[in-house]
*Asks:* 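The structure follows.
Side chains included, hydrogens not; waters and symmetry mates left out as well; all remaining heavy atoms used. All chains are named by letter (A, B, ...) in the order of the sequence lines, taking the proteins before the strands, and each is independently numbered beginning at 1.
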2 protein chains.
Amino acid sequence: MSLATDAADKTTLYKRIRADIEKRILTGEWPPGHRIPFEHELVARYGCSRMTVNKALSELAQADLIERRRRAGSFVRRPQHLSAVLKIADIRAEIIALGRSYGYELIGRKLRAATAADRDRLGVKKAGKVVAITCRHSADNVPFAVEDRLIDLSSVPNAATADFSREPPGSWLLHHVPWTEAEHTISAIAADERTAEALDIAVGAPCLVIDRYTWRSARTITAVRLLYPGDSHRLVARFKGG
Amino acid sequence: MSLATDAADKTTLYKRIRADIEKRILTGEWPPGHRIPFEHELVARYGCSRMTVNKALSELAQADLIERRRRAGSFVRRPQHLSAVLKIADIRAEIIALGRSYGYELIGRKLRAATAADRDRLGVKKAGKVVAITCRHSADNVPFAVEDRLIDLSSVPNAATADFSREPPGSWLLHHVPWTEAEHTISAIAADERTAEALDIAVGAPCLVIDRYTWRSARTITAVRLLYPGDSHRLVARFKGG
DNA sequence: CACGATTATATGTCTAGACATTTAAGTCAA
DNA sequence: TTGACTTAAATGTCTAGACATATAATCGTG
């Protein structure tokens, strides 16, 4: 009863060890650079085997909260202050999650041999055919975002015959192309005439832009630009660590 | 020699098992929903103990690539399509990393009892004193971003006497307040007169806005708004999974 | 004092078991 | 057919060891 390790916890031991240490780090009790107890000390404190504390410490190391150095010990890491988890949902799912009615409208669809500009945008040397799609998403009948997308048909041949007049291409791809990697670039631009009309905002009004480039094991799949009215849309990112 | 498990790898076994499985998932060979081999099957395939394959699978589960269900097995997860890792560096570090010269200028600093607006912005019920800071960051002598910050002195008393005329508050906080959590909100707005002047852009020009709210174990630390000229700054987020 | 060799130590990985827990699937009766 | 009970299979956690490996600290030597 003398140690802080009594109490019939319902959780498992290694999780409790991990939580104990995480708490001390997050509260600042153990600041960056602080050496946390050696494995054998934790073994003694918690009365368990080394594998158990090792599992706890390994997970903390994986989460970048601590750094482990052979012979020296484990140390609280200096916070990175540079990585945050950004949630970018499928637009349809996002609007529905907000409790608003989702509307979708296909503005244009073209199937063509890739032009030089297309190849440049997709980041490929040579491409066969591509589908170019322009569409608009709305929430409660108010324009929410316009989408301008290019799909590489050599990677996703099915997209040639998909019916994008009913289903938004983002949702379609999500269900037909598993496990991709992507890169997002976020910026702000002034609405040009075409955008202003589609979003029902003034020409020159600020828009939030997300450019997403998606590939799967080195094969380009799609490049998309999403334009949101700047005053109505927000991206939220959360993170831990400095 | 018959299995794909020979070869004197320099890496450890559990990492190889993890990499093998990850590769099959990422290439689509094992699509979402696919049941990956049972632990005892992998034990047989790799000729190791169960703890070793368990470690590999546990890490894949932690990375959300697979889902483990008792009695049923382990399954490739459907990609989330909503979490991306966004890198938001300290501005000074970011500019220096770009190989450009960093410039900093303190525009205003006020120490005051928290007003209602301050409390609202910091998300606290009652607050004693706060420091309000306005400053400008520049790269190669061109305005890069303007910063508008509020620091809760009841959480960071040292900030009252820190010299923010030389060191940017973001960098100062990074070195004086360890292990925080934060939430970022990204949006786009039109530059108002004050912002336009500070950034040397036209009034009404689009700006990328990052609002960051930082706390540490339930204590608010700082709230900051960063305004970047929309045409010059980009945020890049990378992710894996759908 | 400087520098190279040695040693001690903490972590990294692994084993061959064990028991607990969850739950899919099968069994049987109403 | 349905619902309750049983069973078995897979994962979850844990142990008490083992050897490997990197490296901080020490010791010797020039």
Side-chain angles (χ1 to χ4, degrees), chain A residues 3-22 24-25 30 32-78, chain B residues 3-22 24-25 30 32-78:
Chain A
L3 297 169
T5 59
D6 52 323
D9 279 314
K10 54 181 172 291
T11 183
T12 58
L13 182 52
Y14 93 87
K15 281 181 181 165
R16 190 153 61 88
I17 298 173
R18 171 158 63 69
D20 283 357
I21 295 169
E22 191 168 334
R24 295 201 208 226
I25 293 173
W30 287 348
H34 177 91
R35 207 211 76 222
I36 74 173
F38 295 130
E39 290 190 352
H40 66 83
E41 294 175 311
L42 293 169
V43 162
R45 184 194 310 282
Y46 288 95
C48 62
S49 80
R50 192 166 79 90
M51 278 300 283
T52 302
V53 312
N54 183 281
K55 182 162 186 172
L57 295 182
S58 293
E59 289 194 2
L60 288 170
Q62 236 188 308
D64 273 342
L65 245 79
I66 66 171
E67 183 187 353
R68 314 200 72 198
R69 292 208 300 271
R70 280 173 142 118
R71 169 67 210 249
S74 302
F75 301 83
V76 177
R77 284 195 59 144
R78 182 168 309 284
Chain B
L3 296 170
T5 60
D6 50 322
D9 279 312
K10 55 181 170 291
T11 184
T12 59
L13 182 52
Y14 92 88
K15 280 182 183 166
R16 192 154 59 88
I17 298 173
R18 172 159 63 68
D20 282 358
I21 295 169
E22 191 169 334
R24 296 201 207 225
I25 293 173
W30 288 348
H34 177 90
R35 208 210 75 224
I36 74 173
F38 295 128
E39 290 191 351
H40 66 83
E41 293 175 310
L42 292 168
V43 162
R45 185 195 310 280
Y46 289 94
C48 62
S49 80
R50 191 165 79 89
M51 277 301 282
T52 301
V53 311
N54 183 282
K55 182 162 185 171
L57 295 183
S58 293
E59 289 194 2
L60 288 170
Q62 236 188 309
D64 272 341
L65 246 78
I66 66 171
E67 184 186 351
R68 314 201 71 198
R69 289 208 301 272
R70 280 173 144 120
R71 170 67 210 250
S74 302
F75 301 84
V76 177
R77 284 194 59 144
R78 181 171 309 284

*Asks:* Which atom names give the shortest non-hydrogen contact between A/Leu57 and A/Ser74, and what distance separates them?
*Replies:*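 For A/Leu57 versus A/Ser74, the nearest heavy atoms are CD1-OG, 4.4 Å.
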
*Asks:* Report the distance from atom CG of B/Asn54 to atom P of C/dT15, rounded to the nearest whole Å.
*Replies:*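 Distance check: B/Asn54 CG to C/dT15 P gives 12 Å.
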
*Asks:* Verify the contact: side-chain N or O of A/Lys15 to OP1 or OP2 of D/dT13, cut-off strictly under 4.0 Å; return yes or no.
*Replies:*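 For D/dT13, OP1/OP2 do have a side-chain N/O of A/Lys15 under 4.0 Å.
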
*Asks:* Please report, rounded to the nearest Å, how far the C1' atom of D/dT11 is from the CZ atom of B/Phe75.
*Replies:*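 The answer, rounded to whole Å, is 11 Å.
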
*Asks:* Return the value, rounded to whole Å, for the distance between atom CZ of B/Arg35 and atom C1' of D/dT11.
*Replies:*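 Those two atoms, CZ and C1', are 13 Å apart.
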
*Asks:* Taking the minimum atom-to-atom distance to the side chain of A/Phe38, which one of C/dT11, D/dA10, D/dG12 wins?
*Replies:*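 For the A/Phe38 side chain, the nearest candidate turns out to be C/dT11.
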
*Asks:* Take atom CG of A/Leu42 and atom C1' of C/dT11, then tell me their distance rounded to the nearest Å.
*Replies:*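 The distance from CG of A/Leu42 to C1' of C/dT11 comes to 13 Å, rounded to the nearest Å.
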
*Asks:* Taking only side-chain nitrogens and oxygens of A/Lys55, does any of them come within less than 4.0 Å of OP1 or OP2 of D/dC14?
*Replies:*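 Result: no.
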
*Asks:* Using every non-hydrogen atom in the two residues, find where B/Met51 and A/Met51 come nearest and quote the distance to one decimal.
*Replies:*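 Between these two residues, the closest heavy atoms are CE-CE, 3.7 Å.
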
*Asks:* Between the base of C/dG12 and the side chain of A/Arg50, is there a donor-acceptor distance below 3.5 Å?
*Replies:*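 For A/Arg50, whose side chain was compared with the base of C/dG12, there is a donor-acceptor pair (under 3.5 Å).
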
*Asks:* What distance do A/Ile17 atom CD1 and A/Arg45 atom CZ have between them, rounded to the nearest 0.5 Å?
*Replies:*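 One finds 10.0 Å between CD1 of A/Ile17 and CZ of A/Arg45.
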
*Asks:* For A/Arg18 and D/dG12, give me the distance from atom CZ to atom P, rounded to whole Å.
*Replies:*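 So the two atoms are 14 Å apart, to the nearest Å.
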
*Asks:* To the nearest Å, how far apart are A/Ile17 CD1 and D/dT13 C1'?
*Replies:*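 Taking atom C1' of D/dT13 as the reference, CD1 of A/Ile17 is at 12 Å.
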
*Asks:* Closest-nucleotide mapping onto DNA chain D: is B/Glu39 or B/Met51 further toward the 5' terminus? I mean the 5' end.
*Replies:*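 Of the two residues, B/Glu39 wins.
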
*Asks:* With nearest nucleotide decided by heavy atoms, which residue, A/Gly47 or A/Arg70, maps closer to the 5′ end of DNA chain D?
*Replies:*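 Result of the comparison: A/Gly47.
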
*Asks:* Would you mind reading off the distance between B/Glu59 atom CD and D/dT11 atom C1', rounded to a whole angstrom?
*Replies:*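 These atoms are roughly 17 Å apart.
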
*Asks:* Does A/Arg68 have more than 12 heavy atoms from other residues, nucleotides or ligands lying within 6.0 Å of its CZ?
*Replies:*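 Check passes, neighbour count above 12.
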
*Asks:* Side-chain N or O of B/Ser58 less than 4.0 angstrom from OP1 or OP2 on D/dG12?
*Replies:*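 It does not, given that no N or O in the side chain of B/Ser58 lies less than 4.0 Å from OP1 or OP2 of D/dG12.
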
*Asks:* If you check the B/Thr12 side chain, which of D/dC14, C/dC14, C/dT11 turns out closest?
*Replies:*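 Closest of the options to the side chain of B/Thr12: C/dC14.
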
*Asks:* May I ask you to verify if any side-chain N or O of B/Ser74 is less than 4.0 angstrom from the OP1 or OP2 atom of D/dT11?
*Replies:*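 Indeed, a polar side-chain atom of B/Ser74 lies that close.
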
*Asks:* Can the positive tip of A/Arg78 be found less than 6.0 Å from the middle of the six-membered ring of A/Phe75, inside 45° of the ring normal?
*Replies:*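 Checked: cation-pi criterion not met.
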
*Asks:* How is B/Leu13 classified with respect to the nucleic acid when contacts are heavy atoms under 4.0 Å: base, sugar-phosphate, or nothing?
*Replies:*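 Counting heavy atoms under 4.0 Å across all strands, the contact made by B/Leu13 is with sugar-phosphate only.
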
*Asks:* Expressed in angstrom and rounded to an integer, what is the separation of B/Leu57 atom CG from D/dT13 atom P?
*Replies:*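 Value for this atom pair: 13 Å.
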
*Asks:* Measure from the side-chain heavy atoms of B/Arg71 and tell me the nearest of D/dA8, D/dT13, D/dA16.
*Replies:*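 Nucleotide nearest to B/Arg71's side chain: D/dA8.
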
*Asks:* Which comes earlier along DNA chain C counting from the 5' end, the contact point of B/Ala72 or that of A/Arg68, where each point is its nearest nucleotide?
*Replies:*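 Closest to the 5' end, via its nearest nucleotide, is A/Arg68.
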
